[in-house]
Amino acid sequence: MRLPYPSYKPSGVEWLGDVPEHWDDTSVKHCYEIQLGKMLQPEPASPKDSEISYLKALNVQWGKVVIAEPSIMWASEHDVKQFGVRRGDLLVCEGGEAGRAALFEETFEGLIIQNALHRVRAKLHGHNGFLLYWLVALASSGWFEVNTNKATIAHFTKEKFGALPLYLPPLAEQRAIAEFLDRETARVDALVEKKQQLIERLREYRTALITQTVTKGLPPDVAAVEGFNPASSFKPSGVEWLGDVPEHWEVKRLGDIADLVSGYPFDSVYFDRNEGFPLIRMGDLYRDETEMNWSGQLISEALVDTGDILVGISGEFNVSMWSHGPALLNQRICCIRSHYRIVNQRLIYYCLLIQLMLVNDTIYSTTIKNLSLSELRKLSIPVPPIQEQRVIAEFLDRETERIDALSARVETAIERLQEYRTALITAAVTRKIDVQGFVGVETADIGTVAK
């Protein structure tokens with residue numbers, strides 16, 4: 001690749017490499033004014049104080065400031081002048097995800113910042129947009145993880161920020177780099193958003209397909225291929241989420257067609273990451289694998305195996321089919337084993353998947369976020385003839401695997417686009433590409449990066 005300048009010099013910084021010879025070797029404090037925000041003031045300090053809206057670290061995400069509902073603190077007129085923000089200010093997190101930054105691009109009178117944020121304003125030789133992208137590149141290099149104290153909470157102090165090394169091009173060049181990256185990252189972000197929308201549509205389609213199949217039966221063409229007559233007559237199930245079901249189906253309670261066993265309250269003293277028997281905890285249901293072992297005495301009542309249905313019954317309710325062999329089941333999780341001659345295990349899994357989605361939507365409007373075994377036993381499960389159950393389960397296995405594979409490919413595409421975005425920013429702020437001679441690729445061309 002042809003570099004935009006004939007002469008470069010070593011920066012002495014691994015992630016930067018060589019930089020253009022004419023760039024100034026400086027630090028942030030020499031080119032930017034840094035103001036740490038105001039300490040939270042919950043009460044008025046004088047009769048002249050008033051309640052003022054303020055921004056905290058949570059309001060500042062990478063590349064955007066979210067101010068839909070700013071918090072309120074007491075402040076004086078002097079505080080408003082000292083800690084106020086205006087359009088074009090760069091806001092940088094002092095704590096939390098240290099270094100996370102965004103330009104403030106709103107018009108909002110009387111808004112100040114809390115002391116979890118820095119407000120940055122460029123001096124004569126600085127440009128806020130360029131510094132924003134410099135911080136993005138710095139974050140991607142891992143600099144903040146190494147250079148901020150994470151023993152308790154990471155802090156990017158004013159002193160550390162001011163001393164941050166900076167290789168600064170002339171102001172016109174900074175502006176050109178920032179405008180180039182504004183344009184090119186916006187195009188990548190638009191493509192990422194489209195792909196994220198596709199993933200959401202795939203999730204919705206997956207849910208709709210499972211719901212339709214477990215409540216109304218196989219699609220007519222699939223039923224015909226499998227030797228079944230498509231359902232033509234229906235009857236009320238008496239269950240809201242099921243609606244009308246095929247005439248020849250039954251509807252049974254989960255407790256009548258399966259055994260339910262709750263997990264055991266294992267003592268964390270015997271938890272071990274390296275030795276012992278695999279132990280399934282709540283977080284493992286999302287990963288479908290264990291991170292912890294049990295080094296104490298085995299509890300046979302809490303033993304589960306491949307093919308068991310596991311349901312998290314506290315917090316956000318989750319269901320999974322366990323596929324990693326014998327393991328112990330911790331409390332707040334329930335194991336479900338169907339009476340196989342009556343109902344297919346995977347059919348129960350798909351029915352629970354839909355029902356627990358509905359339960360999650362309902363339960364979060366209340367303060368209670370627990371399901372008891374007695375409540376689980378009352379859940380309604382549609383029960384077709386056993387051979388039809390098997391075909392339904394196999395059809396859903398096949399179709400959901402296809403949808404999940406497509407979603408995974410789209411997720412990979414998003415990851416590659418984000419990697420491309422980061423690499424583009426780093427290349428631009430270190431002048432490894434000529435932003436003025438750079439021919440912007442079309443959105444479709446950017447997409448080839450993700451294939």
Inset, instruction - List the steps and the verdict of side-chain contact (heavy atoms from CB on, under 4.5 Å) for Ile72 and Ser53. - result: CA-CA 4 Å; Ile72 302 293; Ser53 298; 3.4 Å; yes

Inset, instruction - Indicate the atoms forming the closest heavy-atom contact of Val251 with Ser380, along with that distance. - result: CG1-CB, 4.0 Å

Legend entry - Leu353 vs Arg206 side-chain heavy atoms within contact, under 4.5 Å: yes

Inset, instruction - Step through the shown structure and confirm whether more than 12 heavy atoms of other residues, nucleotides or ligands are within 6.0 Å of CG on Asn229. - result: no

Inset, instruction - Report yes if some heavy atom in the side chain of Val261 is under 4.5 Å from a heavy atom in the side chain of Glu301; otherwise report no. - result: no

Legend entry - Gln114 side chain to Leu40 backbone, donor-acceptor under 3.5 Å: no

Legend entry - Lys158 (side chain) donor-acceptor with His118 (main chain) under 3.5 angstrom: no

Legend entry - Arg121 vs Gln35, side-chain contact (heavy atoms from CB on, under 4.5 Å): CA-CA, chis, key distance, verdict: CA-CA 9 Å; Arg121 290 174 179 168; Gln35 173 64 61; over 6 Å; no

Inset, instruction - Look at atom CZ of Arg253 and say whether more than 12 heavy atoms of other residues, nucleotides or ligands are closer to it than 6.0 Å. - result: no

Legend entry - Separation between CD1 of Ile34 and NZ of Lys160, rounded to the nearest 0.5 Å: 13.5 Å

Inset, instruction - Show your working on side-chain contact (heavy atoms from CB on, under 4.5 Å) between Thr422 and Gln418 and close with a plain yes or no. - result: CA-CA 6 Å; Thr422 300; Gln418 290 170 335; 5.5 Å; no

Inset, instruction - Tell me yes or no: between the side chains of Asp404 and Ser407, is some donor less than 3.5 Å from an acceptor? - result: no

Legend entry - Lys38 side chain near Tyr54 side chain, heavy-atom distance below 4.5 Å: no

Legend entry - Enclosure of Glu77 CD (heavy-atom neighbours >12, cutoff 6.0 Å): no

Legend entry - Thr426 (side chain) donor-acceptor with Ala423 (main chain) under 3.5 angstrom: no

Inset, instruction - Find the distance between CD1 (Ile112) and CG (Leu117) and round it off to the nearest 0.5 Å. - result: 11.0 Å

Legend entry - Residues, nucleotides or ligands: over 12 heavy atoms within 6.0 Å of Lys235 NZ: yes

Legend entry - Stepwise side-chain contact (heavy atoms from CB on, under 4.5 Å) check, Trp15 with Thr430: CA-CA 9 Å; Trp15 75 272; Thr430 58; 4.2 Å; yes

Legend entry - Close side-chain approach of Cys351 and Pro382, heavy atoms under 4.5 Å: yes

Inset, instruction - With the side chain counted from C-beta on, respond yes when Leu379 and Leu376 share a heavy-atom pair under 4.5 Å apart, and no when they do not. - result: yes

Legend entry - Separation of Arg203 CZ from Ile199 CD1 (nearest 0.5 Å): 6.0 Å

Inset, instruction - Could you tell me whether Lys252 atom NZ has more than 12 heavy atoms of other residues or ligands within 6.0 Å of it? - result: no

Legend entry - Expected output: side-chain Asn128 to main-chain Val120 donor-acceptor under 3.5 Å: yes

Legend entry - Ion pair check, Glu394 and Arg390, cut-off under 4.0 Å: yes

Legend entry - Euclidean distance, Glu94 CD relative to Leu91 CG, rounded to 0.5 Å: 13.5 Å

Legend entry - Atom CD of Glu275: over 12 foreign heavy atoms under 6.0 Å: no

Legend entry - Contact check, side chains of Val136 and Val429, non-hydrogen atoms, under 4.5 Å: no

Inset, instruction - Give a yes or no on whether the backbone of Phe104 and the side-chain of Lys64 come within a donor-acceptor separation of less than 3.5 Å. - result: no

Legend entry - Partner residues of Arg201 under the side-chain hydrogen bond (donor to acceptor under 3.5 Å, both in side chains) criterion, sequence neighbours left out: none

Legend entry - Gap separating the CG atom of Leu191 from the CD atom of Gln196, nearest 0.5 angstrom: 10.0 Å

Inset, instruction - For residues Ser237 and Val245, report the shortest heavy-atom separation together with the two atoms involved. - result: CB-CG1, 3.9 Å

Inset, instruction - Determine whether Pro70 and Asn59 make a side-chain contact, defined as any pair of heavy atoms from C-beta on separated by less than 4.5 Å. - result: no

Inset, instruction - Taking Gln345 for its side chain and Gly307 for its backbone only, find out whether a donor-acceptor pair lies under 3.5 Å. - result: yes

Inset, instruction - Applying ring pair (Phe, Tyr, Trp, His ring centres under 6.0 Å), run through Trp294 and Phe277 and close with a yes or a no. - result: CA-CA 5 Å; Trp294 168 253; Phe277 207 78; over 10 Å; no

Inset, instruction - Please check if the side chain of Ser338 supplies one atom and the backbone of Val343 the other of a donor-acceptor pair under 3.5 Å. - result: yes

Legend entry - For Ala327, all residues meeting side-chain contact (heavy atoms from CB on, under 4.5 Å), sequence neighbours excluded: Pro278, Ile280, Val304, Trp322

Inset, instruction - Please work out which of the three classes, parallel, tilted or perpendicular, describes the rings of Phe144 and Phe156, given edges at 30° and 60°. - result: perpendicular

Inset, instruction - Could you tell me whether Arg119 and Glu33 make a salt bridge, using a distance below 4.0 angstrom between a side-chain N and a carboxylate O? - result: yes

Legend entry - Pairing of Arg187 and Glu184 as salt bridge, 4.0 angstrom limit: yes

Inset, instruction - Identify, with sequence neighbours excluded, every residue that meets side-chain contact (heavy atoms from CB on, under 4.5 Å) alongside Gln297. - result: none

Legend entry - Donor-acceptor contact below 3.5 Å, side chain Tyr264 vs main chain Ser300: no

Legend entry - Glu204, CD atom: more than 12 neighbouring heavy atoms under 6.0 Å: yes

Inset, instruction - Mark yes or no for whether Arg281, through its side chain, and Glu291, through its backbone, hold a donor-acceptor pair below 3.5 Å. - result: no

Legend entry - From Leu347 atom CG to Ile386 atom CD1, the distance as rounded to the nearest 0.5 Å: 8.5 Å

Legend entry - Side chain proximity check, Leu103 to Leu90, heavy atoms < 4.5 angstrom: yes

Inset, instruction - Give a yes or no answer on whether the side chain of Glu375 reaches the backbone of Ser372 with a donor-acceptor pair at less than 3.5 Å. - result: yes

Inset, instruction - Taking all heavy atoms of Val311 and all of Leu285, pick out the closest pair and write down the distance. - result: C-CD1, 4.1 Å

Legend entry - Heavy atoms of other groups near Ile342 CD1, more than 12 under 6.0 Å: yes

